[in-house]
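Computed from a predicted model, the values in this text were never measured in an experiment. Residues: numbered from 1 along the sequence shown. Values below: all heavy atoms of this structure, side chains included; hydrogens, waters and symmetry mates excluded.
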Amino acid sequence: ILRLRIVKPMLRVVRQVDGRWNWQGIKVQGSGAPTLPDIEIEHGTAVVELQRIGRATRKLKLNDLNLTALPSASRQMKVALSTRIDPAGPLSATVDLNLDGTPWNAEAKWKNFPVGDGLLQLLGDISPLIDEKLQLAKRSMAELAAKQIAAVPIDPRGVADRSRSM
């Protein structure tokens, strides 16, 4: 098989707690050196499940998924995709994908993505490394806030005396 074209598929993609994806370890068989086919997905839907330690699995639904994956080396592919992730909006991305693990190289463009706590939560759910850094930043901010509160003197009437702390 040199080319695989799938129209309107429903896909389930899972990142397990240990960081491995459910497609890792897929074997391609054939005579001689196994080669990966060109893959095209048109108007698909994908549910991406991000399993997390001690927390509920995060599910993302990718609607109207259009994807082209071309082999770039043994067990590696260059992927171009466009999709819509509700409520985040349209996403276009290119990814250098290693079928046996990381690292990946990705470049993405999100149109009309609402920036805020939801974005940080989503990024943390997608990447355990980002989640670790976000948790560290939250702890640092909490420690800083506690130090600032402790540094404001309180007079006996229970009123903060800000004149002496400046």
Side-chain angles (χ1 to χ4, degrees), residues 1-29 34-143 145:
I1 298 174
L2 299 176
R3 182 172 173 251
L4 179 61
R5 181 175 175 247
I6 308 168
V7 179
K8 295 186 179 179
M10 175 65 126
L11 306 170
R12 180 175 174 252
V13 180
V14 180
R15 188 195 64 213
Q16 295 145 1
V17 172
D18 66 2
R20 293 185 50 85
W21 292 89
N22 62 338
W23 67 71
Q24 289 177 251
I26 291 175
K27 303 293 181 205
V28 177
Q29 295 187 342
T35 57
L36 298 167
D38 294 356
I39 299 171
E40 289 182 42
I41 295 174
E42 294 179 10
H43 307 290
T45 300
V47 175
V48 179
E49 297 179 13
L50 305 170
Q51 297 177 351
R52 306 175 294 173
I53 296 172
R55 296 174 23 201
T57 297
R58 173 74 181 254
K59 293 184 181 182
L60 303 172
K61 187 173 183 182
L62 286 63
N63 296 297
D64 197 25
L65 173 65
N66 294 291
L67 176 146
T68 301
L70 304 173
S72 59
S74 176
R75 311 276 305 151
Q76 295 181 13
M77 302 190 91
K78 288 198 173 289
V79 179
L81 68 92
S82 66
T83 189
R84 190 181 71 257
I85 303 175
D86 294 324
L91 167 72
S92 297
T94 57
V95 181
D96 291 325
L97 179 64
N98 179 342
L99 295 179
D100 295 319
T102 55
W104 297 358
N105 250 344
E107 182 176 316
K109 293 182 182 179
W110 230 308
K111 294 182 183 177
N112 305 323
F113 190 82
V115 176
D117 289 342
L119 170 62
L120 295 176
Q121 183 64 47
L122 176 62
L123 293 173
D125 290 345
I126 291 172
S127 169
L129 180 61
I130 291 174
D131 186 53
E132 183 180 309
K133 290 181 179 183
L134 288 171
Q135 297 306 321
L136 179 62
K138 285 180 186 177
R139 284 192 298 274
S140 296
M141 293 299 289
E143 290 171 5

Neighbour count above 12 (heavy atom, 6.0 Å) for Ile53 CD1
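Open.
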Are more than 12 heavy atoms, taken from residues, nucleotides or ligands other than Gln135, located less than 6.0 Å from that residue's CD atom?
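Yes, because the 6.0 Å sphere around CD of Gln135 holds more than 12 heavy atoms from other groups.
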Applying side chain to side chain contact (heavy atoms under 4.5 Å, CB included), name anything that partners Leu11, two or more places apart in sequence or on another chain.
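Listed in chain order: Pro9, Ile41, Ala46, Leu65.
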Please name all residues satisfying side chain to side chain contact (heavy atoms under 4.5 Å, CB included) with Glu42, sequence neighbours left out, ordered by chain then number.
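Side chain to side chain contact (heavy atoms under 4.5 Å, CB included) list for Glu42, sorted by chain: Arg5, Val7, Glu40, Asn66.
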Hey, mind stepping through Val79 and Leu67 against side-chain contact (heavy atoms from CB on, under 4.5 Å) and telling me if it holds?
CA-CA 7 Å; Val79 179; Leu67 176 146; 3.8 Å; yes
Would Val17 and Arg52 count as a side-chain contact (heavy atoms from CB on, under 4.5 Å) here? Give the steps.
CA-CA 5 Å; Val17 172; Arg52 306 175 294 173; over 6 Å; no
Where Asn22 and Gln16 come nearest, the two heavy atoms and their spacing
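Scanning both residues completely, I find the closest heavy atoms to be CA-NE2, 4.2 Å.
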Would you name the heavy atoms of Pro37 and Ile1 that are closest together and state the gap between them?
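Residues Pro37 and Ile1, closest heavy atoms: CB-O, 3.5 Å.
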So how far is it from [X] [atom1] to [Y] [atom2], rounded to the nearest 0.5 Å?
X      : Y      : atom1 : atom2 : answer
Gln51  : Lys59  : CD    : NZ    : 10.0 Å
Arg15  : Thr57  : CZ    : OG1   : 10.0 Å
Met141 : Leu136 : CE    : CG    : 12.0 Å
Asp96  : Ser72  : CG    : OG    : 6.0 Å
Lys78  : Gln76  : NZ    : CD    : 9.0 Å

Decide yes or no for Arg58 and Glu49: does some side-chain heavy atom of the first lie under 4.5 Å from some side-chain heavy atom of the second?
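Result no, sub-4.5 Å side-chain heavy-atom pair not found.
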Criterion side-chain contact (heavy atoms from CB on, under 4.5 Å) on Val13 and Trp21, from CA distance to verdict
CA-CA 7 Å; Val13 180; Trp21 292 89; 3.5 Å; yes
Residue pair Ile39, Met77: steps toward the side-chain contact (heavy atoms from CB on, under 4.5 Å) verdict:
CA-CA 10 Å; Ile39 299 171; Met77 302 190 91; 4.1 Å; yes
Among Asn63, Leu62, Asp64, find the one that has a side-chain contact (heavy atoms from CB on, under 4.5 Å) with Thr45.
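Of the listed options, the one satisfying the test is Asn63.
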Could Arg3 and Asp38 be called an ion pair, given the rule that one side-chain N must be under 4.0 Å from one carboxylate O?
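Salt bridge absent between Arg3 and Asp38.
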